[in-house]
Amino acid sequence: MGNSAPIIRIFHVYKRYGSQTALADITLDINAKEFVFVTGPSGAGKTTLLKLLYLGEPISEGHIIVDGMNLTRIKRDRMPFLRRLFGVIFQDYNLIPNKTVYENIALVLEIAGHKRNMITKKVGSVLRAVGMEDRMNAYPPSLSGGEQQKITIARAIAGDPKIILADEPTGSLDEDSAGDIMNLLRVLHARGATVIIATHDKELIRSIPARQIRLDHGHLREDTGSI
Amino acid sequence: MGNSAPIIRIFHVYKRYGSQTALADITLDINAKEFVFVTGPSGAGKTTLLKLLYLGEPISEGHIIVDGMNLTRIKRDRMPFLRRLFGVIFQDYNLIPNKTVYENIALVLEIAGHKRNMITKKVGSVLRAVGMEDRMNAYPPSLSGGEQQKITIARAIAGDPKIILADEPTGSLDEDSAGDIMNLLRVLHARGATVIIATHDKELIRSIPARQIRLDHGHLREDTGSI
Amino acid sequence: MMLMFLKRALLDLKNNPLLHTVTVIVIALSVLIVSTFMLFSFNMAKMITVWESGVRLIVYIKPGIPMAEIETLMDDISHMSGVKNVRFISKQEALAKLAKKMNKQLSLIENLDKNPLPDALEVWINPAMKQWKEIERLAIHIESSHLVDDVEYGKNWLKKFTGILNILRFSAVMMSLIFFLAAVFIVANTIRLVFYSRIEELKIMRLVGATDRFIKMPFYIQGLIQGAAGGLIGIVILYVFFIIMLSSIDIDAVAYSFSIEFIPVKSMIIIIFCSMFAGWLGCYISLRRFLKQ
Amino acid sequence: MMLMFLKRALLDLKNNPLLHTVTVIVIALSVLIVSTFMLFSFNMAKMITVWESGVRLIVYIKPGIPMAEIETLMDDISHMSGVKNVRFISKQEALAKLAKKMNKQLSLIENLDKNPLPDALEVWINPAMKQWKEIERLAIHIESSHLVDDVEYGKNWLKKFTGILNILRFSAVMMSLIFFLAAVFIVANTIRLVFYSRIEELKIMRLVGATDRFIKMPFYIQGLIQGAAGGLIGIVILYVFFIIMLSSIDIDAVAYSFSIEFIPVKSMIIIIFCSMFAGWLGCYISLRRFLKQ
Ligand SMILES: Nc1ncnc2c1ncn2[C@@H]1O[C@H](COP(=O)(O)OP(=O)(O)OP(=O)(O)O)[C@@H](O)[C@H]1O
Ligand SMILES: Nc1ncnc2c1ncn2[C@@H]1O[C@H](COP(=O)(O)OP(=O)(O)OP(=O)(O)O)[C@@H](O)[C@H]1O
Ligand SMILES: [Mg+2]
Ligand SMILES: [Mg+2]
């Protein structure tokens with residue numbers, strides 16, 4: 001699939017939570033503009049792997065290099081800029097409950113320093129993309145599970161990120177909505193984004209031919225490589 | 001499927017959130033010891049319907065009678081006892097983050113007034129049933145999405161409820177775990193519990209022959225009836 | 001049952017250490033303020049009592065009244081309300097006193113051939129009688145006797161002083177009230193903030209079938225424990241300050257007529273009860289709002 | 001840029017009304033306590049100054065000293081440190097005064113054939129000189145002059161009084177310090193509690209790429225706004241109390257020599273700045289901990 005420059009390089013990475021080893025000796029490269037599934041049963045370490053990439057958790061051992069930056073050695077004041085490379089669809093949504101849907105998404109753009117009218121336009125367009133433009137002024141707790149997930153997706157793509165990390169992006173969605181979201185991610189991929197999706201939805205994986213990385217109990221069990 | 005006495009009777013029920021109508025004119029009976037799927041796309045009103053049953057939200061219009069109690073007229077001090085009829089698997093887990101897994105589950109039994117050593121035994125057994133006995137002393141935020149879901153399931157069944165309400169119980173689970181959980185719910189059903197599962201997982205619905213109630217935009221679109 | 005609630009309350013204190021520590025700190029500081037002020041007022045009240053025991057009237061007897069009549073008068077006066085005791089001062093004693101007082105103008109007295117001073121009574125006023133007006137009324141009453149020539153009272157500074165002591169007393173009461181109420185509300189509001197941050201937890205408990213009582217009791221117990229802990233800590237801090245202060249004051253320059261003392265144990269107990277009440281109140285206000293929903 | 005942060009701070013105040021209201025209430029109450037005490041101390045200090053302006057020495061001149069020498073002495077004394085002014089009292093004036101003072105013992109003076117009193121100087125002490133010892137030293141210094149017969153000073157009550165005023169002064173300083181620190185820490189801890197309840201929100205902001213500055217600024221602005229609002233409200237409440245108090249005191253019985261005044265504007269401004277500082281401090285402590293993670 002085209003471009004072969006690795007945007008993410010993972011070298012012998014371990015992640016331990018106390019005595020618990022969530023990831024053990026993971027080594028792999030992900031190229032720019034790749035489309036990757038990370039699979040594995042519950043507790044395999046999928047979410048943990050994604051967290052390490054955007055510095056959601058510190059790395060216990062090993063090195064990860066993202067877009068030329070070594071995450072083990074990165075300076076505190078560079079971290080926000082690293083994080084802005086990513087658009088993350090969090091498994092637990094992570095929406096701010098007392099800000100409206102609009103404010104939640106606008107926040108990402110404000111952080112990146114965008115202008116006011118540009119923000120208004122952009123928020124409108126991503127909400128339209130996930131079919132939630134009519135709930136702009138709702139607060140997250142007043143949305144259904146699937147609706148919250150859509151807002152999280154809208155927030156993740158609002159900043160036109162280089163890399164999209166999607167953690168179980170369709171877990172709370174019905175078949176039709178899930179299909180819409182996957183199409184959206186494919187469009188963004190076609191426009192040049194690297195897309196990494198953690199999921200255990202076998203059907204979802206079957207629906208798109210893409211590289212698959214399978215984890216189990218923190219170990220890398222299988223990597224189909226770019227296809 | 002055997003017993004035909006309705007344990008839940010819903011008469012012309014409406015639920016409105018401000019100007020938004022989440023449920024419109026729902027009328028249906030659910031018999032004791034039935035196994036029911038509530039299906040429908042995201043935002044259809046599945047969660048809302050379950051919430052009305054356990055008084056998670058007030059009913060806007062109409063009547064619901066659960067085990068002989070009219071929810072519209074129930075007295076404040078009877079509500080806790082109504083709620084103890086139900087074991088609820090919440091869509092968003094609703095675990096208390098600064099209590100351990102053990103404490104979270106034990107809470108339900110303490111509330112019901114059980115004895116200390118009975119609580120210890122029971123918590124151990126439900127955690128074993130969902131395969132999480134080794135994480136008894138972990139705090140919920142340190143669990144993966146699927147693990148949290150399993151804890152929620154364990155909590156829901158700990159009190160041996162008459163009625164189990166499961167809101168998307170397998171959304172974060174891999175195929176194998178999901179199968180285990182469904183088997184668990186079927187065993188509880190066979191032992192005499194009424195089971196109501198809200199889900200949009202078509203595969204799950206196909207896997208078990210049961211009554212299906214389909215909602216869409218708050219309207220009752222289809223009810224296959226007991227089979 | 002109560003034991004179970006106590007256990008749950010303690011477990012919860014363990015589960016939210018930062019939250020509860022901050023709450024106890026705020027309570028302790030509030031108690032510190034109130035008890036500091038109580039210490040001050042208490043000692044000032046003592047001081048004022050010492051001063052006021054110095055208020056007296058001088059009753060000048062008309063010349064030539066026989067001693068028996070004077071004694072009847074003394075008896076009458078000593079039964080008037082507000083009078084602590086009455087002492088007879090003969091004209092000889094008065095002159096001797098005057099001579100002693102006028103050390104620089106002694107020649108003035110030495111030049112006298114007969115004692116020009118009258119007999120007099122010294123009437124000591126009960127310190128409980130605080131209003132200048134009452135003292136005045138007493139004086140007029142005594143003056144109305146046909147035996148009495150004149151009544152002298154109220155060195156000017158003392159008169160001014162009584163007024164000022166009344167301001168002090170009044171402001172102390174006002175301030176105690178303000179400080180106490182403020183402290184109670186600070187504590188109550190702090191506990192409300194803690195409560196607010198835990199409202200999700202309570203909602204969950206309610207959804208899984210907890211009764212209001214089951215939700216409330218551990219909160220109340222916590223409120224009481226935090227109030228007691230904060231109160232105790234506040235008083236201990238004040239005591240430390242007090243010891244430091246005592247050792248840094250030049251005691252000799254200050255402590256002629258009275259010594260500085262720490263607030264009495266009874267007041268400490270009252271303070272701790274009040275801070276427990278405030279803790280409970282904070283819970284009560286927050287819970288009532290929550291449980292109404 | 002700053003404007004954007006201000007907007008975000010205000011938006012957030014709108015989004016968490018209960019939280020911020022409770023915070024402002026706690027700040028207002030803390031300020032109320034401190035400013036009540038300041039009001040009290042301020043008026044007491046004024047009162048003490050009024051009293052102290054009454055401290056003076058009487059310098060008795062040896063008999064037969066010519067006026068010219070006395071004038072030189074007066075000049076010398078008036079240049080000594082702590083002396084406010086010096087007034088000459090002739091023996092005639094002294095006797096007239098004595099006669100007036102001794103209204104009951106007048107016969108005593110009427111019986112005199114020559115004035116036995118000496119000439120004297122009245123030396124008024126600067127109220128800034130507060131230590132009794134300093135006054136004593138001054139007296140000894142003056143006494144060493146060959147023109148001076150004796151120096152009289154220190155009516156006993158005033159001496160006792162100076163000691164007591166020093167305790168008052170000392171406790172006022174100690175208490176101000178305690179109250180001020182306690183209030184600052186109450187405010188800071190309250191803001192910490194609010195912060196604690198919002199930590200999830202900040203974590204999310206950080207995860208989506210917010211810089212420390214972006215997270216911090218609105219908090220600081222809020223802390224300052226809340227501090228200012230709380231300070232203002234606290235002072236207004238005190239002012240209302242003050243007006244009520246004034247109207248309920250019997251002014252005539254009290255206000256001979258001085259009038260009760262509200263804390264000066266300068267102090268109000270200081271209070272508000274301090275409460276803003278406390279608001280900022282609370283944010284600073286909490287944020288430093290959070291950002292270190
Ligand atoms: N903060 C934490 N502290 C301790 N253990 C943790 C923490 N986060 C994750 N773990 C553990 O690490 C393991 C991997 O977790 P992870 O969230 O990566 O799983 P996952 O593959 O995303 O699972 P799921 O499909 O259920 O989301 C799990 O066993 C989990 O309990
Ligand atoms: N508290 C609330 N305030 C306002 N609207 C609400 C609230 N809760 C739910 N809604 C709205 O009611 C509708 C039904 O929500 P519900 O949660 O029942 O959907 P659902 O069928 O469970 O969807 P999902 O599959 O996404 O969980 C949605 O449009 C939702 O936005
Ligand atoms: Mg996960
Ligand atoms: Mg739902």
Side-chain angles (χ1 to χ4, degrees), chain C residues 18-19 22-23 25-26 29-30 32-33 36-37 40 43-44 47 54 60 98 104-105 107-109 111-113 116-118 131-133 149-150 152 157 160 163-164 166-168 170-171 174-175 178-179 182-183 185-186 189-190 192-194 196-197 238 241 245 249 253-257 260, chain D residues 18-19 22-23 25-26 29-30 32-33 36-37 40 43-44 47 51 54 60 98 104-105 107-109 111-113 116-118 132-133 149-150 152 157 160 163-164 166-168 170-171 174-175 178-179 182-183 185-186 189-190 192-194 196-197 238 241 245 249 253-257 260:
Chain C
L18 176 61
L19 226 52
V22 173
T23 312
I25 292 174
V26 172
L29 292 171
S30 306
L32 179 63
I33 290 176
T36 303
F37 188 70
F40 173 79
N43 279 292
M44 204 164 85
M47 192 164 87
Y60 295 101
L98 187 66
K104 281 307 117 197
Q105 297 112 323
S107 49
L108 206 137
I109 285 158
N111 290 351
L112 292 171
D113 38 7
L117 298 179
Q131 288 295 323
W132 191 255
K133 278 181 191 156
D149 186 22
D150 198 3
E152 192 184 277
W157 70 265
K160 182 195 304 182
I164 282 164
N166 283 337
I167 310 183
L168 282 185
F170 188 86
S171 356
M174 284 291 283
M175 283 168 76
I178 293 178
F179 287 7
F185 282 111
I186 287 174
N189 276 303
T190 305
R192 243 173 104 183
L193 281 181
V194 172
Y196 185 84
S197 76
L238 180 63
F241 274 127
M245 189 187 89
I249 288 191
V254 143
Y256 308 110
S257 47
I260 302 175
Chain D
L18 176 61
L19 227 54
V22 173
T23 313
I25 292 174
V26 172
L29 292 171
S30 307
L32 178 62
I33 290 175
T36 302
F37 189 70
F40 174 79
N43 278 293
M44 204 164 82
M47 192 164 87
W51 288 344
Y60 295 100
L98 188 66
K104 283 306 120 197
Q105 297 110 323
S107 49
L108 209 136
I109 287 160
N111 291 351
L112 292 171
D113 38 6
L117 299 177
W132 191 255
K133 277 180 191 157
D149 186 21
D150 198 3
E152 192 186 274
W157 71 266
K160 183 197 303 183
I164 283 162
N166 283 336
I167 310 183
L168 282 185
F170 188 85
S171 357
M174 283 292 283
M175 283 168 76
I178 293 178
F179 288 6
F185 282 112
I186 286 173
N189 276 303
T190 305
R192 244 175 102 182
L193 281 181
V194 172
Y196 183 83
S197 75
L238 180 63
F241 275 127
M245 189 186 88
I249 287 190
V254 143
Y256 307 109
S257 46
I260 303 176

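Throughout, protein chains are lettered first and strands after them, A, B, ... in sequence-line order, and every chain is numbered starting at 1.
What you find for C:A182 and D:L29 is that their closest heavy atoms are O-CD1, 3.7 Å.
Ranked by heavy-atom pairs shorter than 4.5 Å toward chain D, the options C:L19, C:T190, C:T23 are led by C:L19. Interface check for chain C: of the options D:V26, D:T36, D:I33, the most heavy-atom pairs under 4.5 Å are formed by D:I33.
With a threshold of 4.5 angstrom between heavy atoms, D:I178 approaches chain C through side-chain atoms but not through N, CA, C or O.
Between the CG atom in D:N189 and the CG atom in C:L193 there is a gap of 11.0 Å [rounded to 0.5 Å]. One finds the CD1 atom of D:I25 at 9.5 Å from the CZ atom of C:F185 (value rounded to the nearest 0.5 Å).
At least one side-chain heavy atom of D:L18 sits less than 4.5 Å from a side-chain heavy atom of C:R192.
Using a 30° and 60° split on the angle between ring planes, D:F37 and C:F179 fall in the tilted class, from 30° to 60°.
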